[in-house]
Peer 1: 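One structure, pasted below without further comment.
A, B, ... follow the sequence lines: proteins, then strands. Residue 1 opens every chain.
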Number of protein chains: 2
Amino acid sequence: MVQTYSISELSEQFDITARTIRFYEDQGLISPRREGTRRIYEERDRVRMKLILRAKRLGFTLSEIRETLDLYDSASGGELAQGKFVLEVINHHRAILMQQQNDILDVLQDMKNVEQRILNRMKSPEQKAQ
Amino acid sequence: MVQTYSISELSEQFDITARTIRFYEDQGLISPRREGTRRIYEERDRVRMKLILRAKRLGFTLSEIRETLDLYDSASGGELAQGKFVLEVINHHRAILMQQQNDILDVLQDMKNVEQRILNRMKSPEQKAQ
DNA sequence: CATGACGTTTACGTAAACGTCAACATGCCT
DNA sequence: AGGCATGTTGACGTTTACGTAAACGTCATG
């Protein structure tokens, strides 16, 4: 017997509203099984949701996410026709992510600098930076 | 003689529209000097713009960016009153950024897997995954 | 059986981040 | 003086990602 979830259970797990989940479905990001009119989410839906939210945190738009998930699905579904294209998309995304890694490192460094200036000033309040 | 830039020069440098730059000004993100009505951007504006765009790429909203820049300004301006608060904000942001680093690593790994599956299939097209 | 708790669809509202005119000023070139 | 590039300020339009409310179905429970 496989674990399934209602929409409210899922929304609780991921700390999003049910409205959001239904919206994602409207946008073609997930398509849970139905039992009558009720939505039933299985493990694969949960995994997909996890991917969606992760991509969102990284700033991808919902339609970008949908396209990418569809693409990966087709690739893992055996549609090797588009193999080369998928590889290109992957490399494109990889480039974006690596740019973000750099951005993060830069910002972390900036924050470190600001932090140090504050800490210094808190130790010796009189000191004015040259 | 210090380097300055017109709005179109700046927009070209950062590959954004002049409209975007004016909008950021409306939102209090940058405040260039004026010469008559014309906007004149100096090096410090350029640096600020760089910070803005970097933060944007990381998914921060414009108002978050404005608040943060203001905060950092006040901190570097000597308003040590808020020192502790600034440190808290910095730690908060640091947590977000580190979460993003994890997300990126996860996605990169996922992409690697998809890529491998495609490459394998391209080498031996007949093979079906068990 | 009525009263929640939970679910559904449909539809309008909204905040963020610009795009897209319009209508006008200003400087420079010929 | 005329023309063109470049600039300015509104003001309205658009897309994305949901929020919010209305109006209704379904099921368990007192």
Side-chain angles (χ1 to χ4, degrees), chain A residues 3-42 45-46 48-70 93 96 99-100 103, chain B residues 3-42 45-46 48-70 93 96 99-100 103:
Chain A
Q3 251 290 44
T4 66
Y5 313 89
S6 72
I7 195 170
S8 56
E9 283 166 348
L10 201 69
S11 75
E12 203 171 315
Q13 281 184 45
F14 288 107
D15 196 34
I16 56 182
T17 68
R19 167 68 174 120
T20 298
I21 298 179
R22 293 196 195 98
F23 182 73
Y24 290 174
E25 187 176 340
D26 267 19
Q27 304 303 307
L29 291 172
I30 33 169
S31 32
R33 192 178 101 217
R34 297 284 181 128
E35 206 156 85
T37 85
R38 307 291 176 87
R39 293 166 171 84
I40 310 290
Y41 299 89
E42 303 175 9
D45 297 310
R46 249 180 51 83
R48 211 175 164 87
M49 186 58 92
K50 206 169 172 181
L51 293 176
I52 294 169
L53 296 178
R54 205 159 61 187
K56 269 219 58 183
R57 283 197 300 273
L58 295 178
F60 291 89
T61 70
L62 294 186
S63 64
E64 283 169 339
I65 295 173
R66 179 176 40 70
E67 285 167 22
T68 304
L69 287 180
D70 287 357
H93 286 167
I96 295 176
Q99 164 71 31
Q100 273 187 269
D103 286 337
Chain B
Q3 250 290 46
T4 65
Y5 312 89
S6 72
I7 194 169
S8 55
E9 283 165 350
L10 201 69
S11 75
E12 204 171 316
Q13 280 184 47
F14 288 106
D15 196 32
I16 55 182
T17 68
R19 167 67 176 120
T20 297
I21 298 179
R22 293 195 196 98
F23 181 73
Y24 289 174
E25 187 176 341
D26 268 18
Q27 304 303 305
L29 291 172
I30 34 169
S31 31
R33 194 179 101 215
R34 296 285 182 129
E35 206 156 88
T37 85
R38 305 291 174 90
R39 293 166 171 85
I40 310 288
Y41 299 89
E42 302 175 10
D45 298 310
R46 248 180 52 81
R48 212 176 163 84
M49 187 58 90
K50 206 169 171 181
L51 292 176
I52 295 168
L53 297 179
R54 204 159 62 187
K56 268 219 59 183
R57 283 198 298 273
L58 294 178
F60 290 90
T61 70
L62 293 185
S63 64
E64 282 169 340
I65 296 173
R66 177 178 40 71
E67 285 167 23
T68 304
L69 288 180
D70 288 357
H93 285 167
I96 295 175
Q99 164 71 33
Q100 274 188 265
D103 286 339

Peer 1: Figure out the CG/P separation between A:L10 and C:dC6, and round it to whole Å.
Peer 2: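 Between P of C:dC6 and CG of A:L10: 16 Å.
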
Peer 1: Using atom CD of B:E67 as one end and atom P of C:dA16 as the other, report the distance to the nearest whole Å.
Peer 2: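 Nearest whole value for this atom pair: 11 Å.
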
Peer 1: So, OP1 or OP2 of D:dT26: does either fall under 4.0 Å of a side-chain N or O from A:T37?
Peer 2: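 Answer no for this pair, as no side-chain N or O of A:T37 is under 4.0 Å from OP1 or OP2.
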
Peer 1: I want to confirm an ordering. Mapping B:R38 and B:T61 to their closest nucleotides on DNA chain C, which one lands closer to the 5' end?
Peer 2: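 Whichever sits nearer the 5' end wins; that is B:T61.
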
Peer 1: Could you check how far OH of A:Y5 sits from P of C:dG7, rounded to whole Å?
Peer 2: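 My rounded result for the distance is 15 Å.
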
Peer 1: Go through the steps to decide whether A:T17 and A:T20 satisfy the test side chain to side chain donor-acceptor pair (under 3.5 Å), and finish with yes or no.
Peer 2: CA-CA 5 Å; A:T17 68; A:T20 298; 2.9 Å; yes

Peer 1: Should the side chain of B:R19 and the base of C:dT20 be counted as holding a donor-acceptor pair, with the cut-off at 3.5 Å?
Peer 2: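 Pair found.
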
Peer 1: Is any side-chain heavy atom of A:Q99 closer than 4.5 Å to a side-chain heavy atom of A:I96?
Peer 2: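 A side-chain contact under 4.5 Å is absent here.
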
Peer 1: Taking only side-chain nitrogens and oxygens of A:T20, does any of them come within less than 4.0 Å of OP1 or OP2 of D:dA17?
Peer 2: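 For D:dA17, OP1/OP2 do not have a side-chain N/O of A:T20 under 4.0 Å.
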
Peer 1: Output yes when at least one side-chain N/O atom of A:S6 is less than 4.0 Å from OP1 or OP2 of C:dG7, else no.
Peer 2: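 So the side-chain polar atoms of A:S6 do come within 4.0 Å of the phosphate oxygens OP1 or OP2 of C:dG7, strictly under.
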
Peer 1: With a 4.0 Å limit, can you tell me whether A:R39 has a side-chain N or O closer than that to the phosphate oxygens OP1/OP2 of C:dG7?
Peer 2: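 For C:dG7, OP1/OP2 do not have a side-chain N/O of A:R39 under 4.0 Å.
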
Peer 1: Test B:R46 against every option in B:L10, B:I30, B:T4 by the side-chain contact (heavy atoms from CB on, under 4.5 Å) rule and name the one that passes.
Peer 2: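 Considering B:L10, B:I30, B:T4, a side-chain contact (heavy atoms from CB on, under 4.5 Å) with B:R46 is found only for B:L10.
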
Peer 1: Find the distance A:F23:CZ to C:dA11:C1' and express it as a whole number of Å.
Peer 2: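 These atoms are roughly 14 Å apart.
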
Peer 1: Taking the side chain of A:R22 as heavy atoms from C-beta outward, which of D:dT16, C:dT9, C:dT20 is closest to it?
Peer 2: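 Nucleotide nearest to A:R22's side chain: C:dT9.
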
Peer 1: May I ask you to verify if any side-chain N or O of A:S8 is less than 4.0 angstrom from the OP1 or OP2 atom of C:dA5?
Peer 2: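 Answer no for this pair, as no side-chain N or O of A:S8 is under 4.0 Å from OP1 or OP2.
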
Peer 1: Expressed in angstrom and rounded to an integer, what is the separation of B:Q27 atom CD from C:dA15 atom P?
Peer 2: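 Rounding to the nearest Å, CD of B:Q27 and P of C:dA15 are 13 Å apart.
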
Peer 1: Residues in salt bridge (Lys or Arg N to Asp or Glu O under 4.0 Å) with A:R38, at least two apart?
Peer 2: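 Here no residue qualifies.
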
Peer 1: Quick one: CZ on B:R34 to CZ on B:R39, what's the gap to the nearest 0.5 Å?
Peer 2: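 CZ of B:R39 is found 4.0 Å from CZ of B:R34.
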
Peer 1: For a quick test of reading the model: is some side-chain N or O of B:Y24 closer than 4.0 Å to OP1 or OP2 of C:dA17?
Peer 2: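 Answer no for this pair, as no side-chain N or O of B:Y24 is under 4.0 Å from OP1 or OP2.
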
Peer 1: To the nearest Å, how far apart are B:I40 CD1 and C:dG27 C1'?
Peer 2: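 Going from CD1 in B:I40 over to C1' in C:dG27 covers 13 Å.
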
Peer 1: Round to the nearest Å and state the distance from B:R33 atom CZ to D:dT8 atom P.
Peer 2: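 Roughly 13 Å, once rounded to whole Å.
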
Peer 1: Would you say A:K56 reaches D:dT16's phosphate, i.e. side-chain N/O to OP1/OP2 under 4.0 Å?
Peer 2: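 Result: no.
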
Peer 1: Rounded to whole angstroms, how far apart are CD on A:E64 and C1' on D:dT16?
Peer 2: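 Checked: the CD to C1' distance equals 11 Å.
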
Peer 1: Of the nucleotides C:dT8, D:dG7, C:dG19, which has the atom closest to the B:I7 side chain?
Peer 2: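 Of the options given, the side chain of B:I7 lies nearest D:dG7.
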
Peer 1: Please check the phosphate of C:dT9 (OP1 and OP2 only) for any side-chain N or O of A:R34 closer than 4.0 Å.
Peer 2: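 Checking C:dT9 against A:R34, a side-chain N or O does come within under 4.0 Å of OP1 or OP2.
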
